[in-house]
Amino acid sequence: MRHAYYSYSKEELVSNNPKLPVIVMEDNAAVFRSMAEEMTEEIKMHNEKGEKTVFICPVGPVGQYPFFVEMVNKERISLKNVWFINMDEYLDDEKKWIEETHPLSFRGFMNREVYGKIDEELLMPEEQRVFPDPENLDYIPNLIEKLGGVDICFGGIGINGHVAFNEADPSMSPEEFLAQKTRVLEITKETRTANAIGDFGGALEDMPHYCVTIGIYEIAHARKIRLGCFRNWHRAVVRRAAYGEATADFPVSLLTGHNDINLKITEFVAALEG
């Protein structure tokens, strides 16, 4: 069965009543800068009110972080009352965090490229830089409740529609899928392959088999959801997200009814050629 939406032109993609707002931007830099600007504006707004800011943050996409770091340092934006709850992390075969020195470690990336590049006087305390822990799965759901919820969840969309590592599961109903909280799971072969190509030079045999991920429940209950897509295979992914059936076989489709969500894509992704 062929799905017509995979052939939608850029104009059809944005105007044929998509299930979530699709915003086309010039290139990767424009998408990433826009994400960084929304991060800093949210923080500044809460800082002015003396309120905390709580984000769910990805390591993929990551192009927003250089812009974010530059803005924070240049504008002297205090992160002292900001919480970064990272989405996920790879696990080894014993289902423990991979070493921070591993080239795929999300903890390692954040420490090197984000926290390590923000002026120390602006940086949030270490306990406010949170990763899901396979040995303490209840921590993040309980923390989010204690903090009063998540202001914005930022993220991308995986090859099979996953957000964070909430992998597709056609055996589940939408309601069952959306009830899933932070957990350990096995990464699908589709995700391992796509990530090996995009992030690890194609070294599929060395890709981790397991991960710990924040749940789709936590993502769906954020006050805002902001997604960004920029890879060549995102051309199909964004069209299915915008027009496909809401199903656990394509998890992002279960988020499209959120009351404050948008998807930012590049002109390249919006096009069908080139």
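Because only heavy atoms are used, hydrogens play no part in the values below, and waters and symmetry mates are left out as well, while side chains stay in. One-based numbering along the sequence shown.
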Q: Could you check whether atom NZ of Lys95 has more than 12 heavy atoms from other residues, nucleotides or ligands sitting under 6.0 Å from it?
A: no

Q: Are Arg240 and Tyr5 in a cation-pi setup, meaning NZ or CZ lies under 6.0 angstrom from the ring centre and within 45 degrees of the ring axis?
A: no

Q: Main chain of Phe230, side chain of His234: is a donor-acceptor contact present, judged purely on distance under 3.5 Å?
A: yes

Q: Could you check whether any side-chain N or O of Asn262 sits under 3.5 Å from a backbone N or O of Ile225, counting only pairs where one atom can act as donor and the other as acceptor?
A: no

Q: When you look at CD of Glu75, are more than 12 heavy atoms from neighbouring residues, nucleotides or ligands closer to it than 6.0 Å?
A: yes

Q: Which residues pass the side-chain hydrogen bond (donor to acceptor under 3.5 Å, both in side chains) test with Asp260, not counting sequence neighbours?
A: Arg226

Q: Is the gap between the ring centers of Tyr90 and Tyr210 under 6.0 Å?
A: no

Q: Please check if the number of heavy atoms outside Glu145 that lie under 6.0 Å from its CD is greater than 12.
A: no

Q: Using a strict cut-off of less than 4.0 Å between a Lys/Arg side-chain nitrogen and an Asp/Glu carboxylate oxygen, indicate whether Glu70 and Lys117 qualify as a salt bridge.
A: no

Q: May I ask you to decide if Val163's main-chain N or O and Asn166's side chain share a donor-acceptor pair within less than 3.5 Å?
A: yes

Q: Are any of the side-chain heavy atoms of Ile56 and Phe154 separated by less than 4.5 Å?
A: no

Q: Taking all non-hydrogen atoms of both residues, which atom of Ile98 and which atom of Asp92 are closest, and how far apart?
A: CG2-N, 3.7 Å

Q: Give the intermediate values and the outcome of side chain to side chain donor-acceptor pair (under 3.5 Å) for residues Asn111 and Glu100.
A: CA-CA 9 Å; Asn111 285 330; Glu100 194 174 312; 2.8 Å; yes

Q: As a quick check of understanding, evaluate side-chain contact (heavy atoms from CB on, under 4.5 Å) for Glu42 and Met45, giving each step before the final call.
A: CA-CA 5 Å; Glu42 188 80 10; Met45 179 185 71; 3.8 Å; yes

Q: State, with a plain yes or no, whether a side-chain heavy atom of Asn16 is found less than 4.5 Å away from one of Tyr8.
A: yes

Q: If you measure from the Lys or Arg side-chain nitrogens to the Asp or Glu carboxylate oxygens, is any gap between Glu48 and Lys44 under 4.0 Å?
A: no

Q: In this structure, are over 12 heavy atoms from other groups packed under 6.0 Å from Tyr115 atom OH?
A: yes

Q: With rounding to the nearest 0.5 Å, note down the distance linking CG in Leu227 to CD1 in Ile219.
A: 9.0 Å

Q: Would Arg235 count as a cation-pi partner of Phe268, with NZ or CZ less than 6.0 Å from the six-membered ring centre and within 45° of the ring normal?
A: yes

Q: When rounded to the nearest 0.5 angstrom, what is the spacing between CG in Asp93 and NE2 in His209?
A: 6.0 Å

Q: Out of Phe131, Phe106, Phe68, which residue meets the ring pair (Phe, Tyr, Trp, His ring centres under 6.0 Å) rule with Phe84?
A: Phe68

Q: With no hydrogens and no angle check, is any side-chain donor or acceptor of Thr40 less than 3.5 Å from a backbone partner on Ala36?
A: yes

Q: Measure the CD-CZ distance between Glu205 and Arg192 for me, rounded to the nearest 0.5 Å.
A: 9.5 Å

Q: Just so I know, are the side chains of Tyr65 and Met110 near enough to count as touching, which here means a heavy-atom distance under 4.5 Å?
A: yes

Q: Any donor-acceptor pair under 3.5 Å linking the side chain of His162 with the backbone of Ala164?
A: yes

Q: Return yes if some donor-acceptor pair links the side-chain N/O of Asp133 with the main-chain N/O of Tyr139 below 3.5 Å, else return no.
A: no

Q: Please report the shortest heavy-atom distance between Val82 and Ser78, naming the atom on each side.
A: CG2-O, 4.3 Å

Q: If you count every heavy atom of other residues, nucleotides or ligands that lies below 6.0 Å from Lys52 atom NZ, does the total exceed 12?
A: no

Q: Please test Asp249 against Thr247 for side chain to side chain donor-acceptor pair (under 3.5 Å), starting from the C-alpha separation and ending with a verdict.
A: CA-CA 5 Å; Asp249 192 38; Thr247 170; 5.4 Å; no

Q: Could you report the tightest heavy-atom contact between Ile214 and Pro132, atom names first, then the distance?
A: N-CG, 4.3 Å

Q: Under 4.5 Å between side-chain heavy atoms, counting indirect links through other Ile/Leu/Val/Met/Phe/Trp/Tyr residues: same cluster for Phe200 and Val59 or not?
A: yes

Q: Would you check if the side chain of Arg33 reaches a backbone N or O of Asn28 as a donor-acceptor pair within less than 3.5 Å?
A: no

Q: Between Leu178 and Ala220, what is the shortest heavy-atom contact and its length?
A: CD2-CB, 4.3 Å

Q: Is the side chain of Glu218 donor-acceptor paired with the backbone N or O of Ile144 at a distance under 3.5 Å, no angle test?
A: no

Q: Quick check: closest heavy atoms across Ala168 and Phe250, and the distance to 0.1 Å?
A: CB-N, 4.4 Å

Q: Can you confirm whether the side chains of Ser105 and Glu99 place a donor and an acceptor under 3.5 Å from each other?
A: no

Q: Using side chain to side chain donor-acceptor pair (under 3.5 Å), reason through Thr256 and Ser253 one step at a time and then give a plain yes or no.
A: CA-CA 6 Å; Thr256 57; Ser253 66; over 6 Å; no

Q: Counting only heavy atoms from other residues, nucleotides and ligands, does the tally under 6.0 Å from NZ of Lys80 exceed 12?
A: yes

Q: Sequence neighbours excluded, which residues qualify as side-chain contact (heavy atoms from CB on, under 4.5 Å) partners of Leu185?
A: Phe165, Glu167, Arg183, Cys211, Thr213

Q: Taking C-beta and beyond as the side chain, do Thr188 and Asn160 meet within less than 4.5 Å on heavy atoms?
A: yes

Q: Could you point out which residue of Val252, Leu255, Leu263, Val238 forms a side chain to side chain contact (heavy atoms under 4.5 Å, CB included) with Leu20?
A: Leu263

Q: Taking everything shown except Glu121 itself, do over 12 heavy atoms lie less than 6.0 Å from its CD?
A: yes

Q: Quick one: pull up NZ in Lys189 and OG1 in Thr191 and give me the separation to the nearest 0.5 Å.
A: 11.5 Å

Q: Is the backbone of Asn73 close enough, under 3.5 Å, to the side chain of Asp119 for a donor and an acceptor to pair up by distance?
A: no

Q: Asn86 side chain to Cys57 main-chain N or O, any donor-acceptor pair under 3.5 Å?
A: yes

Q: Give me the atom names and distance for the closest heavy-atom approach of Phe177 to Ala248.
A: CD1-CB, 3.7 Å

Q: Using side-chain heavy atoms (C-beta onward) and a distance below 4.5 Å, is Arg231 in contact with Ile157?
A: no

Q: Are Leu91 and Lys96 close enough that some pair of their side-chain heavy atoms sits under 4.5 Å apart?
A: no

Q: Can you check whether Lys264 reaches Ser34 side chain to side chain, under 4.5 Å on heavy atoms?
A: yes

Q: Do Thr182 and Tyr217 have side chains that get closer than 4.5 Å, going by heavy atoms?
A: no

Q: A quick test of your reading: do over 12 heavy atoms of other residues, nucleotides or ligands sit less than 6.0 Å from CD of Glu26?
A: no

Q: How far does CD1 of Ile197 sit from CE of Met207, to the nearest 0.5 angstrom?
A: 10.0 Å

